[in-house]
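These numbers come from the heavy atoms of this one structure, side chains and all, not from hydrogens, waters or symmetry mates.
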Amino acid sequence: MKGFYEKMQRYIKKHRLIVPGDHVLVGCSGGIDSVVLLHFLATHQTDLGIKVSAVHVNHMLRGEESLQDRFFTEQLCAEWEVPCYSRDIPIPELLKAEGGNKQQLCRTKRYAFFAEVMEVAKAAKLATAHHADDQLETILMGGVKGTLHSSFGMPTSRPFGTGQLVRPMLAVTKEDISQYARFFALAHREDPSNQEPVYTRNRIRHSIVPLLKKENRQASEQFAELAEQLQEDQHFLMDLAETRLQALLQEEQKGIALSAEKFSQEPLALQKRMVLLLLNYLYNEKQVAIAKQLAEQVRELLHSSAGTVFLHLPQNYMMVRQYDRVYFSRQLFGENDLTYSSIITHDWSEEVNGFRYKAVPLNQVNIQDNASFWYFSASGTFPLLVRSRKPGDRIHLKGMEEPKKLARLMIDEKVPASVRESWPVIATASDEILLVPGLRPSKFVSRSKRAEDNWVLIEQQI
């Protein structure tokens, strides 16, 4: 197996995945890929100047069959004189208690155990058995699902636990691995779930990849090389984007903020990456998949010319653009129930969500920067209020015969339930709602002056 050995050695050396003195922990399921990786590293410990251990997780999803996978791995390690760390994790019970996605829960619990063992065993590297065909499948899955990640495909290495996660077998294909296993007569276990068409990866593996390889037998190797090249470019661009973004960001009491105008001056290639970085400040990438549509919505709002715009993000987070200022909440809305009321007169009101308001006669209006103007008609004294929503609030929208319940409006506008109670409204003392900032105006106000209008409500960012 000289060819296999040379491919692995060349790749490991090129990327410095494993260096002399490393203690390498191999994630071994008992399947053919991980058994081959464990065998290769275990039989070349002296050549590489390393120490090798194995780690195995029984997810308890297939009863006795899963347990036999664990026994097989432990016995194999004993025969090869490789220390083995193993654990049973009751995924079915955890799913019943916690819910969630089965595959994601398995991965989370498995890698948590891997990190724990790395620390206990003082291992510098965790080696996984992902190969070139896996890389091709991952790239195709990302394209099909429209999910953006920080790299094109799986990175060759990344920080993990107390050290690094490395993928030395990205240098070889499934066919190479199968030939290696046959040459050394390596026993292994088969997971039947790898054949189930219910999983997207399996459908891609069994339907699309064979077609690509029919066109070009080296498709997997070439995609792996392409991924490597693009990851190098991506790493440079992400570093540059982070540097530029840090120069724009400002810490606020409830989150982070930036200037939309300055953001728009950045090159498009950096803008896209800056948006991903912004979203990753809010989310753990493994908990919320950052889809292309979500990233584009954020970028479009950053280019919006509207005065005040809200974008509701997953898990009750929010992005708010108020003229040039754009805010990203870094804490869940609704953690505190906010009830407030501030009088609007000819002087500026108290601050509400970074804005203030005043109402002045039309003949006293002065042009002001960074402000929105709402024209309306009134006579006599009419104190206005900027306040939180009240039960029973209604708004009379233009073109509607009857007022609409504000609660219904917020449902229609897809406002998360957790923020509805504290959403600001502009109303008269008799609770006639003139405006719901960021959502809808009533028929009583207009952005353009009408013949009957004699007053102006001014909204200004502080």
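Counting all heavy atoms, side chain and backbone alike, Met60 lies closest to Pro92 at O-CG, 3.3 Å. When all heavy atoms of Ala295 and Leu276 are compared, the pair lying nearest together is CB-CD2, 4.3 Å. Taking every heavy atom of both residues into account, Ala127 and Pro168 meet most closely at CB-CD, 4.4 Å. Between Pro155 and Gln231 the shortest heavy-atom distance is CA-OE1, 3.4 Å. Between Trp374 and Pro441 the shortest heavy-atom distance is CZ3-CB, 3.6 Å. The minimum heavy-atom distance linking Ala181 with Ile32 is given by the pair CB-CD1, 3.8 Å.
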Begin with the C-alpha distance, continue with both residues' side-chain angles, and end with the deciding distance and a verdict on side-chain contact (heavy atoms from CB on, under 4.5 Å) for Val36 and Phe4. CA-CA 11 Å; Val36 166; Phe4 187 95; 3.8 Å; yes

Applying side-chain contact (heavy atoms from CB on, under 4.5 Å) to Leu61 and Cys106, what does each step give before you reach the verdict? CA-CA 10 Å; Leu61 288 169; Cys106 286; 3.7 Å; yes

Please lay out, stage by stage, how Arg325 and Gln250 fare under the test side-chain hydrogen bond (donor to acceptor under 3.5 Å, both in side chains). CA-CA 11 Å; Arg325 201 71 171 162; Gln250 293 182 350; 2.3 Å; yes

Given His44 and Tyr5, is the side-chain hydrogen bond (donor to acceptor under 3.5 Å, both in side chains) satisfied, shown in steps? CA-CA 10 Å; His44 291 91; Tyr5 175 80; 4.9 Å; no

Asn58/Ser86 under side-chain contact (heavy atoms from CB on, under 4.5 Å): CA gap, chis, key distance, verdict: CA-CA 8 Å; Asn58 171 19; Ser86 57; over 6 Å; no

List the steps and the verdict of side-chain contact (heavy atoms from CB on, under 4.5 Å) for Leu41 and Val82. CA-CA 10 Å; Leu41 292 177; Val82 172; over 6 Å; no

Using salt bridge (charged side-chain N to carboxylate O under 4.0 Å, His left out), reason through Asp69 and Arg62 one step at a time and then give a plain yes or no. CA-CA 10 Å; Asp69 289 348; Arg62 293 177 288 117; 2.5 Å; yes

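Here CG of Leu237 is found 12.5 Å from CE of Met274. Values are rounded to the nearest 0.5 Å. Interatomic distance, Arg70 CZ to His56 NE2, rounded to the nearest 0.5 Å: 7.0 Å. A distance of 7.5 Å separates CZ in Arg201 from CD1 in Ile204, rounded to the nearest 0.5 Å. Between the CZ atom of Phe373 and the OG atom of Ser448 there is a distance of 14.0 Å, given to the nearest 0.5 Å. The CZ atom of Phe40 sits 5.0 Å away from atom CD of Gln9, with the distance rounded to the nearest 0.5 Å. Atom CG of Leu245 sits about 10.5 Å away from atom CG of Leu270, to the nearest 0.5 Å.
Side-chain contact check for Cys84 versus Leu76: every heavy-atom pair is 4.5 Å or farther apart. In this structure, Lys213 and Asp133 have side chains that are in contact, with non-hydrogen atoms separated by less than 4.5 Å. Within the 4.5 Å cutoff, the side chain of Leu140 has heavy atoms near those of the Leu212 side chain. Side-chain contact between Asp393 and Ile395 is absent, with no heavy-atom pair separated by less than 4.5 Å. A 4.5 Å side-chain heavy-atom check between Val298 and Phe328 finds at least one atom pair inside the cut-off. For the pair His131/Asp134, a side-chain contact is recorded, criterion being any heavy-atom separation below 4.5 Å from C-beta on. Counting heavy atoms from C-beta on, the side chains of Leu258 and Leu302 come closer than 4.5 Å. Contact check for Ile12 versus Val166: no side-chain heavy atoms found under the 4.5 Å cut-off.
Shown here are the salt bridge (charged side-chain N to carboxylate O under 4.0 Å, His left out) partners of Lys7, two or more places apart in sequence or in another chain: Asp176. By the ring-ring contact (aromatic ring centres under 6.0 Å, His included) test, Tyr11 pairs with His15, sequence neighbours left out. Every ring-ring contact (aromatic ring centres under 6.0 Å, His included) that Phe114 has, sequence neighbours left out, goes to Tyr111. Under the salt bridge (charged side-chain N to carboxylate O under 4.0 Å, His left out) criterion, Glu175 pairs with Arg217, not counting sequence neighbours. Listed by chain and residue number, nothing satisfies the ring-ring contact (aromatic ring centres under 6.0 Å, His included) test with His59 (two or more places apart in sequence, or in another chain). Residues that satisfy the salt bridge (charged side-chain N to carboxylate O under 4.0 Å, His left out) test with Glu300, not counting sequence neighbours, are absent from this structure. Residues forming a ring-ring contact (aromatic ring centres under 6.0 Å, His included) with His130 (at least two apart in sequence, or on another chain): none. Lys2 pairs by the salt bridge (charged side-chain N to carboxylate O under 4.0 Å, His left out) definition with Glu6, not counting sequence neighbours.
Put simply, the side chain of Gln271 gets close to the backbone of Ser264: a donor and an acceptor are under 3.5 Å apart. No side-chain donor-acceptor contact under 3.5 Å links Ser157 to the backbone of Leu17. Proximity of a side-chain donor or acceptor of His188 to a complementary backbone N or O of Gly31 within less than 3.5 Å is not detected.
The pair Glu93-Lys96 fails the salt-bridge criterion, with no side-chain N (NZ, NE, NH1 or NH2) lying under 4.0 Å from an Asp/Glu carboxylate O. Remark: Lys404 engages Asp412 in a salt bridge, criterion side-chain N to carboxylate O under 4.0 Å.
In Glu81, the CD atom is not crowded: 12 or fewer heavy atoms of neighbouring residues, nucleotides or ligands sit closer than 6.0 Å.
A salt bridge (charged side-chain N to carboxylate O under 4.0 Å, His left out) check over residues 259-280, counting only residues at least two apart or in different chains, returns the pairs Arg244-Glu266. Within the structure, the salt bridge (charged side-chain N to carboxylate O under 4.0 Å, His left out) test picks out the following pairs touching residues 219-243 (sequence neighbours left out): Lys14-Glu228. Under the salt bridge (charged side-chain N to carboxylate O under 4.0 Å, His left out) criterion, the residue pairs touching residues 110-125 are Asp22-Lys125, Arg87-Glu116, with sequence neighbours excluded. Evaluation of the salt bridge (charged side-chain N to carboxylate O under 4.0 Å, His left out) test over residues 24-53, restricted to residues two or more places apart or in two chains, returns Asp33-Lys174.
Checked options Leu126, Thr128, Val52; the residue passing with Leu25 is Leu126 (criterion: side chain to side chain contact (heavy atoms under 4.5 Å, CB included)).
Below 30°, between 30° and 60°, or above 60°: for Phe184 and His39 the angle between ring planes is between 30° and 60°, a tilted geometry.
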